[in-house]
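In what follows, a single structure is set out as structure tokens and then discussed.
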Amino acid sequence: MDRAADALRKEIAMRGYLLFVAAVAGAMVMTVHAQAPAPVTPESLVRAAKRAAGTDYPGTFLRICVAPDNLQAAVGRGAAPPAARTVPDRALWYAKPYKVFDNLYFVGTKIHSSWALTTTDGIVLIDTLFDYAIEPEIVEGLTTLGLDPRSIKYVLISHAHGDHDQGAALLQSRYRAKIVIGAADWDSTLQRPASTPGGVPHRDVVVGPEGTKITLGDTTVDVIATPGHTPGTLSYIFPVRDGGRPVVVAYAGGTAFNFPRRAENFAVYRDSQRKTAKAAAAAGATVVMTNHTEFDRAYDRVRIVQLPRTVGEKHPYETDTATVLRYFEMGADCAEAQRLSMQ
Ligand SMILES: [Zn+2]
């Protein structure tokens, strides 16, 4: 009996040991699997971009990750500035001007943004809308806000597409404002026919790949060359004030994928997103702004700014640096997803 019981005990012990060995081996296999880097695929990048977008950037995620404009080759060739157009119904685009920060004013339309950054020595105007919106939005808008359009000293054009640059020639000729455009976008601008809506500005301040700083009075705008959306796209880092408190804005100068659909173009776009993120991180930016209201909800936010805030409530445009960096991470991931999907 004792022998039989002893043998049974040994067998049970052995089975337990084997089970233990099997469990350890299984765990090791699982550990090995967990440590192997997951392959980066277009799908995994889109998932990463969706996480980065969170609930903060649905418009941009939709535009460049869900249904990029250049998925069809025919669209991809359409990187030229929009052709002459008739003036759309004013009710579709007109937006009232608003003060948004102590020294930053929205003078854009429902669709496109134009911003007036005021300094101790005049105005830096960022982006200039389609030609039909220049007088009602920028010239009359500034006047309504108690600002003088004659004090516009610099006009920063984020990129040479008609929805952002058709006001440049008028502001240059009427107010002698200096027009700042990326080198490659100056080249495409100067090739336009004189009959282009809004006219063609004369070559003025040219920004090369190294970027530049534009200083007016007490304010300096860090101008970063961020090719991708167009070869000469510029993005900006600049200071604003919210009730006297300094806040740093990161302004993304070009967003949609409506450039020729080639792998190298997506790589350039991706790298520019990372470059802007680096500059935004270094400057401690807590605000993302763009030139289309769909990307930063400008139309809604500039109105919400007008409401009284409770003590400690943040400015409607302000987030934190981590949230700002997620914007550019999303852009880089969406571009990389497209680049990989082409290989
Ligand atoms: Zn554009």
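Numbering of ligands and ligand atoms starts at 1, following listing order.
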Between Asp333 and Arg326, does the salt bridge (charged side-chain N to carboxylate O under 4.0 Å, His left out) criterion hold? Intermediate values first, please.
CA-CA 10 Å; Asp333 284 346; Arg326 281 197 284 108; over 6 Å; no

Please check if any side-chain donor atom of Thr323 sits under 3.5 Å from a side-chain acceptor atom of Asp320, or the reverse.
yes

Indicate if the distance from the Zn ion (ligand 1) to the nearest N, O or S atom of His164 falls below 2.8 Å.
no

When you measure from the Zn ion (ligand 1) to each N, O or S atom of His159, which atom gives the shortest distance?
NE2

The Zn ion (ligand 1) - closest N/O/S atom in His161
ND1

From the list Tyr236, Tyr317, Phe295, Tyr327, ring pair (Phe, Tyr, Trp, His ring centres under 6.0 Å) with Tyr251 holds only for Tyr236

Check whether Tyr175 forms a cation-pi arrangement with Arg150 (NZ or CZ under 6.0 Å from the six-membered ring centre, at most 45° off the ring normal).
no

